[in-house]
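Each remark here refers to the structure printed beneath this line.
Chain letters run A, B, ... following the sequence lines, proteins first, then strands; residues in each count from 1.
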Amino acid sequence: MNELIIYNSLSGKKEVFEPITDGFVGLYVCGPTVYNFVHLGNCRTFISFDMVFRYLQHLGYKVRYVRNITDAGHLENDAEEGEDKIAKKARLEQLEPMEIVQKYTVDFHETLAKFNNRPPSIEPTATGHILEQIDMVQKILKKGLAYEVNGSVYFDVEKYDNEALYGELSGRKIEELKAGSRELDGQDEKRSPLDFALWKNAKPGHIMKWQSPWGLGFPGWHLECSAMSTKYLGDQFDIHGGGMDLKFPHHECEIAQGHAATGVKPVRYWMHANMLTLNGKKMSKSTGNTLLPNELFSGENDVLDKAFHPIVVRFFMMQAHYRSTLDFSSEALIAAEKGFHRLMDAVSLLPDLKTGKTSSWDIDDWIKQCYQAMNDDFNTPILIAHLFDAAKFIQSVNMNQATLTEEDKSKLIEKINAFVFDVLGLKLIEESQGDELSTVMELVLELRQKARENKDWTTSDAIRDKLNEAGILVKDGAEGASWSKE
RNA sequence: GGUCUCGUGGCCGAGCGGCUAGGCAACGGUCUGCAAAACCGUGUACAGCGGUUCGAAUCCGCUCGAGACCUCCA
């Protein structure tokens with residue numbers, strides 16, 4: 001089998017993946033700030049990395065997957081007088097800040113569970129790691145790469161840039177950044193507009209604050225990820241993921257902080273998932289161009305024509321590469337939904353296939369191609385194309401137009417299940433209408449069969465058409481009729 | 001304005017120097033009482049204009065168009 005190749009945002013190239021410790025992978029992904037419901041764009045990133053997590057596990061790696069919950073509300077903007085996002089929401093909803101955090105953390109977990117995401121190995125919170133963050137600030141201060149002003153501590157970007165290289169991830173040069181940055185506010189404490197806060201002094205009235213060597217305050221924008229990834233994965237770890245929009249400045253600052261504090265660059269492979277768009281534009285909380293998962297599942301929204309099952313949405317996302325933007329539309333989702341059902345029908349059919357003395361298809365070659373697709377930077381769309389080839393073959397065997405040996409059948413079952421369920425994280429959508437409907441349908445189809453035997457086509461067609469109108473699809477197969485809900 | 005992506009057949013979406021991507025839709029066929037489903041077959045698509053090359057959707061340049069980042073956002 002060929003090697004796993006990952007596109008590393010740091011080098012801008014595909015690189016062979018070599019973990020620091022054989023057989024183990026440290027994976028860190030930036031989690032959400034829990035001050036609002038997660039929208040589908042947020043979900044896409046977490047679903048993408050869930051797939052990465054799953055595939056690494058499938059390959060046999062022991063993966064420690066750390067994803068933070070940002071529950072310390074960072075400021076709304078970089079200016080001196082920003083308002084804490086969680087505190088602001090708490091004021092608007094008349095709740096304690098930690099009630100806000102709890103409410104949206106629960107929503108986040110529930111939503112990702114619907115998408116069949118596996119929970120991360122560790123899900124640390126920012127407020128639970130204030131000491132680690134303070135510790136990291138002190139380390140950076142000791143190295144002389146940060147300075148304190150009025151109870152706040154700022155990272156000295158220019159000084160760091162002299163020794164290391166600031167901007168290597170985002171391809172930015174410090175001179176260009178300086179030229180492009182706005183005028184400083186008159187009372188800004190920062191020496192340079194590029195500097196960023198490691199620790200902020202809490203103004204009177206600021207709710208979420210902690211005691212520190214520099215007085216009462218709260219951690220800076222980017223610090224928590226560095227502190228927590230270092231604590232749980234070490235000074236240097238294998239993969240750091242996140243949304244494309246976090247590349248600059250968030251991840252750039254993480255590199256600078258981590259490097260400054262520990263002396264080594266924190267991450268070997270940087271992975272960035274691309275944006276989910278709606279009407280061709282990035283989904284974004286601040287612009288309101290969003291769709292919430294529950295609006296999608298219920299169909300209660302102005303954007304799409306109907307409701308969609310979370311697993312169908314997951315499949316839709318897997319049909320695009322994680323590094324490409326993906327646009328959300330009814331048409332595209334309906335197409336994905338139909339394809340999904342065709343694939344799952346074949347998967348369900350597989351265990352019942354008859355076997356013979358020969359196989360008319362090269363299963364081993366197919367398996368090889370599936371791994372090749374995934375090993376090439378997690379190319380799920382190509383994997384899915386191969387899965388459809390298999391679906392076609394399964395149907396052919398079912399119709400006695402192709403053959404399959406017992407041995408190949410078990411191989412096929414093993415790998416189809418591995419790729420469809422373990423790696424892509426799909427699952428069969430249960431027709432959960434309960435036994436009542438099933439009993440009724442059994443009776444109806446029985447009556448219809450009687451009519452058909454009597455060649456009473458008027459009655460049998462009427463039953464089928466009426467059921468169809470009610471959203472129940474009747475399919476006449478060789479072994480009798482079956483039904484499914486639309 | 002700066003930095004960087006992307007523009008593929010009716011729609012979605014891979015590919016990224018030569019070899020059928022795939023899904024949905026459409027059309028023809030097999031099957032069926034008729035349908036549906038399933039299966040078989042059918043598309044000479046790569047924004048435009050130049051260039052490099054034996055050969056370009058794929059590399060280079062320009063033009064047009066879309067988007068992301070440069071302020072919190074996955």
Side-chain angles (χ1 to χ4, degrees), chain A residues 12 29-33 35-36 38-49 70 73-79 82-83 85 167 170-173 176-177 179-182 221 241-250 252 272-277 280-287 290 315-316 319-321 323-343 345-346 349 373 376 379-389 391-396 398-402 452 455-457 460-461 464-465 468 473-478 481-482 484:
Chain A
V29 173
C30 291
T33 304
Y35 70 101
N36 213 335
V38 278
H39 65 247
L40 283 160
N42 302 316
C43 293
R44 185 191 181 195
T45 297
F46 301 123
I47 291 169
S48 293
F49 285 105
T70 299
H74 298 310
L75 296 185
E76 289 237 295
N77 57 55
D78 204 19
E83 189 176 6
K85 274 188 291 198
S170 56
R172 276 159 226 259
K173 295 197 172 59
E176 288 166 2
L177 283 168
S181 68
R182 327 199 166 109
W221 294 248
M244 204 79 112
D245 49 354
L246 296 182
K247 202 168 174 183
F248 187 88
H250 184 62
E252 199 71 72
H272 289 95
N274 216 137
M275 300 292 102
L276 186 67
T277 61
K281 297 242 167 66
K282 174 189 173 185
M283 269 197 207
S284 164
K285 285 177 194 167
S286 51
T287 59
T290 55
F315 177 74
F316 169 72
Q319 275 194 305
H321 189 92
R323 279 193 289 120
S324 302
T325 53
L326 176 64
D327 195 59
F328 230 66
S329 70
S330 276
E331 232 185 333
L333 276 164
I334 288 169
E337 185 175 51
K338 287 183 183 166
F340 171 78
H341 284 121
R342 196 159 83 76
L343 181 63
D345 283 349
L349 210 56
D376 185 9
N379 201 322
T380 52
I382 292 197
L383 171 66
I384 289 173
H386 293 321
L387 291 175
F388 274 109
D389 286 342
K392 199 173 264 191
F393 173 70
I394 291 166
Q395 294 285 176
S396 295
N398 190 231
M399 295 179 78
N400 298 318
Q401 288 167 359
R452 295 182 74 210
K455 294 202 192 298
D456 180 2
W457 309 126
S460 75
D461 287 359
R464 186 179 63 201
D465 296 345
N468 214 329
L473 221 63
V474 177
K475 299 173 201 169
D476 291 324
S482 62
S484 63

Next on the checklist: On RNA chain B, does the nearest nucleotide to M283(A) precede the nearest nucleotide to G280(A) from the 5' side, or the other way round? Give the residue.
Outcome noted: G280(A)
Checklist entry - H39(A) near the nucleic acid: base, sugar-phosphate alone, or nothing, with a heavy-atom cut-off under 4.0 Å? => result base
Checklist entry - Can you check the W221(A) CH2 to rA74(B) C1' distance for me, whole Å? => result 20 Å
Checklist entry - If you check the R342(A) side chain, which of rG22(B), rA38(B), rA74(B) turns out closest? => result rA38(B)
Checklist entry - Hey, does S460(A) reach any base, or is it just sugar-phosphate, or nothing, if we go heavy atoms under 4.0 Å? => result base
Next on the checklist: Quick one, D389(A) with H386(A), criterion side chain to side chain contact (heavy atoms under 4.5 Å, CB included). Give me CA distance, side-chain angles, the key distance, then yes/no.
Outcome noted: CA-CA 5 Å; D389(A) 286 342; H386(A) 293 321; 4.1 Å; yes
Checklist outcome for this item: Testing rA74(B), rC69(B), rA14(B) for proximity to the side chain of F248(A), the answer is rC69(B)
Checklist outcome for this item: Contacts of R452(A) and I334(A) projected onto RNA chain B by closest heavy atom; the upstream (5') one is I334(A)
Item to check | Among rA38(B), rC73(B), rU3(B), the nucleotide that comes nearest once only the side chain of E176(A) is considered | outcome: rU3(B)
Checklist entry - Pairing of RNA chain B as dot-bracket, 5' to 3': ( ) intra-strand, [ ] crossing, | other strand, . unpaired, with Watson-Crick or G-U pairs under 3.5 Å? => result (((((((..(((.....[...))).(((((.......)))))....(((((..]....))))))))))))....
Item to check | Closest non-hydrogen atom pair, Q319(A) against A336(A) | outcome: OE1-CB, 3.7 Å
Next on the checklist: Quick check for you: among rC70(B), rG13(B), rC39(B), whose closest atom lies nearest to any side-chain atom of L177(A)?
Outcome noted: rC70(B)
Next on the checklist: Using a 5.5 Å cut-off between ring centres and planes within 30 degrees, is F388(A) stacked on the base of rG22(B)?
Outcome noted: no
Next on the checklist: Does rC73(B) have its OP1 or OP2 closer than 4.0 Å to a side-chain nitrogen or oxygen of T287(A)?
Outcome noted: no
Next on the checklist: If you count every heavy atom of other residues, nucleotides or ligands that lies below 6.0 Å from K285(A) atom NZ, does the total exceed 12?
Outcome noted: yes
Next on the checklist: Should the side chain of R464(A) and the base of rA35(B) be counted as holding a donor-acceptor pair, with the cut-off at 3.5 Å?
Outcome noted: yes
Item to check | D461(A), nearest nucleotide to its side chain (from rC73(B), rG13(B), rG33(B)) | outcome: rG33(B)
Next on the checklist: Given 3.5 Å as the limit, does a donor-acceptor pair link the side chain of T277(A) with the main chain of L326(A), or not?
Outcome noted: yes
Checklist entry - Does S396(A) make a side-chain donor-acceptor contact with the base of rC39(B), cut-off 3.5 Å? => result no
Item to check | Side-chain touch P32(A)/N42(A), heavy atoms, less than 4.5 angstrom | outcome: no
Checklist entry - Which pair of heavy atoms, one from M244(A) and one from H272(A), lies closest together, and at what distance? => result SD-CB, 3.7 Å
Checklist outcome for this item: From NZ of K173(A) across to C1' of rU3(B) the rounded distance in Å is 9 Å
Checklist outcome for this item: Of the candidates rC34(B), rA74(B), rC12(B), the side chain of L246(A) sits closest to rA74(B)
Item to check | Between rU63(B) and rA26(B) - C1' atom distance, rounded Å | outcome: 35 Å
Checklist entry - Which part of the nucleic acid does L326(A) contact within heavy-atom distance under 4.0 Å: base, sugar-phosphate only, or nothing? => result sugar-phosphate
Item to check | Span that lies between the C1' atom of rG15(B) and that of rC46(B), in whole angstrom | outcome: 11 Å
Checklist entry - Are any of K247(A)'s side-chain N or O atoms less than 4.0 Å away from OP1 or OP2 of rC70(B)? => result no
Item to check | Given rC73(B), rC39(B), rA14(B), the nucleotide with the shortest approach to the side chain of K392(A) | outcome: rC39(B)
Checklist entry - Which part of the nucleic acid, if any, lies within contact of K338(A), taking any heavy atom under 4.0 Å across all strands shown: a base, the sugar-phosphate backbone alone, or nothing? => result sugar-phosphate
Checklist entry - Are OP1 or OP2 of rC39(B) and a side-chain N or O of N398(A) less than 4.0 angstrom apart? => result no
Item to check | Short side-chain to backbone donor-acceptor contact, D327(A) and G280(A), under 3.5 Å | outcome: yes
Item to check | Main-chain N/O of N274(A) paired with R44(A) side-chain donor or acceptor, under 3.5 Å | outcome: yes
Checklist entry - NA contact type, D345(A), heavy-atom cut-off 4.0 Å: base, sugar-phosphate, or nothing? => result nothing
Checklist entry - In whole angstrom, what separates H386(A)'s NE2 from rA14(B)'s P? => result 15 Å
Item to check | Residue P381(A), side-chain atoms from C-beta onward, closest of rC69(B), rG13(B), rA38(B) | outcome: rG13(B)
Next on the checklist: Checking contacts here: which listed nucleotide (rA74(B), rA35(B), rC70(B)) is nearest the side-chain heavy atoms of R172(A)?
Outcome noted: rC70(B)
Checklist entry - Hey, is the side chain of R323(A) pairing donor to acceptor with the base of rC6(B) inside 3.5 Å? => result no
Item to check | Length of the CD-P vector between E331(A) and rG23(B), whole Å | outcome: 17 Å
Checklist entry - Nearest to the side chain of W457(A), which nucleotide is it out of rC12(B), rA14(B), rG33(B)? => result rG33(B)
Checklist entry - Is any side-chain heavy atom of T287(A) less than 4.5 Å from a side-chain heavy atom of K281(A)? => result no
Next on the checklist: Once you apply a heavy-atom cut-off of 4.0 Å, does A320(A) come out as touching a base, just sugar-phosphate, or nothing?
Outcome noted: sugar-phosphate
